[in-house]
Amino acid sequence: MVVGTPFLTVEQIQKKNRELADMISADYRGKNLLAVGILKGAFIFFSDLVRLIRVPLTIDFIIASSYLKAETSGEIKVHYHLREDISGKDVLLVEDIVDTGITLNYLRERILNAQPRSLKICTFLNKKERREVDVPIDYVGFEIPNKFVVGYGLDYDNKYRNLPYISIFKNIA
Ligand code: IMP
Ligand code: MG
């Protein structure tokens, strides 16, 4: 099944994930890594990434959705937040894509309030052109243009998350 215009292949994705995991493994040696996946979108990237990281870690999740009320303002709804105590932990937030930055900025501030030992952010995709809120990102898989993409966890209307590659979305019935 091919949906939309293929943009990143399974091979490109795997190669990138190994590079990211190598950097993360080196940076977190001897630390107390808590990897936090942001659901739903990051579920596939997160599970691929943590299996390639070679330092001990624990995991938790945040389930969040954003509703765009107007072009410039998003309201974030958090359905599940960390249950792990994060004091003393080196938290790595793992996101599928950063677009306006509103979601990540909100989650970042909320986590910082709970005073982890450190907080870094890893995103699979980065759409810099669309940024409205400046949020520091430590690990980026791919910089992408201002196009709507699906697959590898990313959805349109909750569909196409199971595509193993990234496609540029076209209206498909
Ligand atoms: P932000 O708050 O605008 O950065 O929104 C980020 C969220 O919007 C992501 O976690 C995705 O759920 C969604 N999103 C943004 N761009 C895309 C896209 O191209 N495809 C699928 N979802 C997207
Ligand atoms: Mg998302």
Side-chain angles (χ1 to χ4, degrees), residues 1-10 12-14 16-17 20-21 24 34-50 59-82 86 91-114 116 119-173:
M1 177 174 68
V2 176
V3 173
T5 308
F7 182 64
L8 295 172
T9 64
V10 171
Q12 285 174 299
I13 293 170
Q14 283 171 345
K16 184 61 74 178
N17 287 348
L20 290 171
I24 292 165
L34 169 63
V36 176
I38 304 175
L39 301 179
K40 299 174 195 170
F43 82 114
I44 293 179
F45 173 54
F46 184 75
S47 64
D48 280 350
L49 187 70
V50 293
I59 66 159
D60 204 348
F61 294 99
I62 291 171
I63 306 179
S65 46
S66 59
Y67 299 101
L68 277 189
K69 292 195 145 175
E71 285 279 301
T72 52
S73 72
E75 189 183 301
I76 316 299
K77 188 154 189 206
V78 176
H79 310 272
Y80 173 92
H81 203 262
L82 306 176
I86 66 171
V91 177
L92 178 66
L93 253 188
V94 180
E95 177 62 300
D96 53 353
I97 185 166
V98 186
D99 187 38
T100 63
I102 292 171
T103 308
L104 208 47
N105 186 57
Y106 173 86
L107 296 176
R108 180 177 174 272
E109 306 252 298
R110 191 162 156 176
I111 291 173
L112 284 176
N113 278 337
L119 175 60
K120 283 192 183 185
I121 292 173
C122 174
T123 186
F124 179 62
L125 301 176
N126 188 24
K127 257 194 228 174
K128 238 191 221 150
E129 273 176 61
R130 293 256 309 159
R131 201 60 38 87
E132 288 174 22
V133 184
D134 200 20
V135 51
I137 303 177
D138 302 279
Y139 307 97
V140 176
F142 298 94
E143 301 284 351
I144 66 162
N146 184 13
K147 299 266 190 318
F148 197 85
V149 293
V150 295
Y152 199 61
L154 291 121
D155 71 305
Y156 171 75
D157 198 21
N158 229 348
K159 291 184 291 224
Y160 312 117
R161 292 192 195 274
N162 60 321
L163 296 175
Y165 51 87
I166 294 280
S167 261
I168 294 174
F169 182 71
K170 297 260 167 64
N171 281 324
I172 319 156

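Residue indices begin at 1 and follow the sequence shown. One-based numbering, in listed order, for ligands and for the atoms of each. Nothing here was measured: the structure is a model prediction, and the numbers come from that model.
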*Asks:* Please classify the L154 to ligand 1 contact at 4.0 Å (heavy-atom distances, strictly less than): side chain, backbone, both or neither.
*Replies:* side chain
*Asks:* Are K127 and ligand 1 in contact, using a heavy-atom cut-off of under 4.0 Å?
*Replies:* yes
*Asks:* Looking at ligand 1, does any of its N/O atoms fall within less than 3.5 Å of an N/O of V149?
*Replies:* yes
*Asks:* What orientation do F142 and F124 show, parallel under 30°, tilted 30 to 60°, or perpendicular over 60°?
*Replies:* perpendicular
*Asks:* State whether the number of non-hydrogen atoms from other residues, nucleotides or ligands found under 6.0 Å of N113 atom CG is greater than 12.
*Replies:* yes
*Asks:* Check whether any side-chain heavy atom of L92 lies under 4.5 Å from a side-chain heavy atom of Y139, and answer yes or no.
*Replies:* yes
*Asks:* Evaluate the ring planes of F169 and Y160, with Trp represented by its six-membered ring, and classify them as parallel (under 30°), tilted (30 to 60°) or perpendicular (over 60°).
*Replies:* tilted
*Asks:* Mark up the atoms of ligand 1 that fall under 4.0 Å of a heavy atom belonging to K147, in ascending order.
*Replies:* 19 (O)
*Asks:* Could you tell me if the side chain of I166 sits less than 4.5 Å from the side chain of I144, heavy atoms only?
*Replies:* no
*Asks:* Rounded at 0.5 Å granularity, tell me how far CG in L104 sits from CD1 in I121.
*Replies:* 4.0 Å
*Asks:* Is the closest side-chain heavy-atom distance between L125 and L154 below 4.5 Å?
*Replies:* yes
*Asks:* Taking 4.0 angstrom as the limit and counting only heavy atoms of E95, give me the atoms of ligand 1 inside it, by number and element.
*Replies:* 10 (O)
*Asks:* For ligand 1, is there an atom lying under 4.0 Å from some heavy atom of E132?
*Replies:* no
*Asks:* Nearest non-hydrogen contact with atom 13 (C) of ligand 1 belongs to which option: I97, D157, I168?
*Replies:* I97
*Asks:* Check this for me - ligand 1, G101, N or O atoms closer than 3.5 angstrom, yes or no?
*Replies:* yes
*Asks:* For ligand 1, note which part of D96 has a heavy atom under 4.0 Å away: side chain, backbone, both or neither.
*Replies:* side chain
